[in-house]
Amino acid sequence: MIDFACLIATAAITVASLLTLYRLARGPDVLDRILALDTLVINTIGLIVVIGLWFRTTMYFEAALLFAMVGFVTTVALCKYLLRGNVIE
């Protein structure tokens, strides 16, 4: 039963990622593209967690946590760069 649920979740996350890639390519401005990148990171984290559940291992959860931290720092750095022109003050 868990395998079928993971398959459905993987398909849903894949569709969400494809729609996010469309927004990334067609975003009207840079801020929309940054938000699309952040959403793509969240979709990827969800996909990593589902794969970890599917394979029944905890190694993927640590990878998802690291990816979440890097994604957050990247989003903050990009937004700060757009607002102020530099990242490090």
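- Grouped with Leu35 in a hydrophobic cluster is no other residue, since no side-chain heavy-atom contact under 4.5 Å to another Ile, Leu, Val, Met, Phe, Trp or Tyr is found.
- Cluster note: Ile8 groups with Phe4 through ILVMFWY side-chain heavy atoms spaced under 4.5 Å, whether in direct contact or through intervening members.
- By the side chain to side chain contact (heavy atoms under 4.5 Å, CB included) test, Val41 pairs with Ile45, Phe67, sequence neighbours left out.
- The side chain to side chain donor-acceptor pair (under 3.5 Å) search around Asp3 returns Trp54, not counting sequence neighbours.
- Not counting sequence neighbours, the partners of Thr57 by the side chain to side chain contact (heavy atoms under 4.5 Å, CB included) test are Phe55, Met59, Tyr60.
- Contacts of Tyr22 classified as side chain to side chain contact (heavy atoms under 4.5 Å, CB included), with partners at least two apart in sequence or in another chain: Arg26.
- Across all non-hydrogen atoms, the minimal contact from Asp32 to Asp29 is OD2-OD1, 3.0 Å.
- Under the side chain to side chain donor-acceptor pair (under 3.5 Å) criterion, Ser17 pairs with no residue at all, not counting sequence neighbours.
- With rounding to the nearest 0.5 angstrom, the CD1 atom of Ile51 is 6.0 Å from the OG1 atom of Thr10.
- Among residues two or more places apart in sequence or in another chain, the side chain to side chain contact (heavy atoms under 4.5 Å, CB included) test is passed with Ile2 by Cys6, Arg56.
- Sorted by first then second residue, the salt bridge (Lys or Arg N to Asp or Glu O under 4.0 Å) pairs that include residues 11-24, not counting sequence neighbours, number zero.
- Residue Leu19 is found in a hydrophobic cluster whose other members, listed by chain and number, are Val15; membership requires side-chain heavy atoms under 4.5 Å apart, directly or through intermediates.
- In this structure, CD1 in Ile48 is found 10.5 Å from CG in Leu65, a value given to the nearest 0.5 Å.
- Interatomic distance, Leu47 CG to Ile13 CD1, rounded to the nearest 0.5 Å: 5.5 Å.
- Looking only at side-chain heavy atoms (C-beta outward), Phe61 and Leu66 stay at 4.5 Å or farther from each other.
- For the pair Thr20 and Leu40, the tightest heavy-atom approach, listed with the atom from each and the gap, is CG2-N, 3.8 Å.
- With sequence neighbours excluded, the residues forming a side chain to side chain donor-acceptor pair (under 3.5 Å) with Thr75 are Asp38, listed by chain and number.
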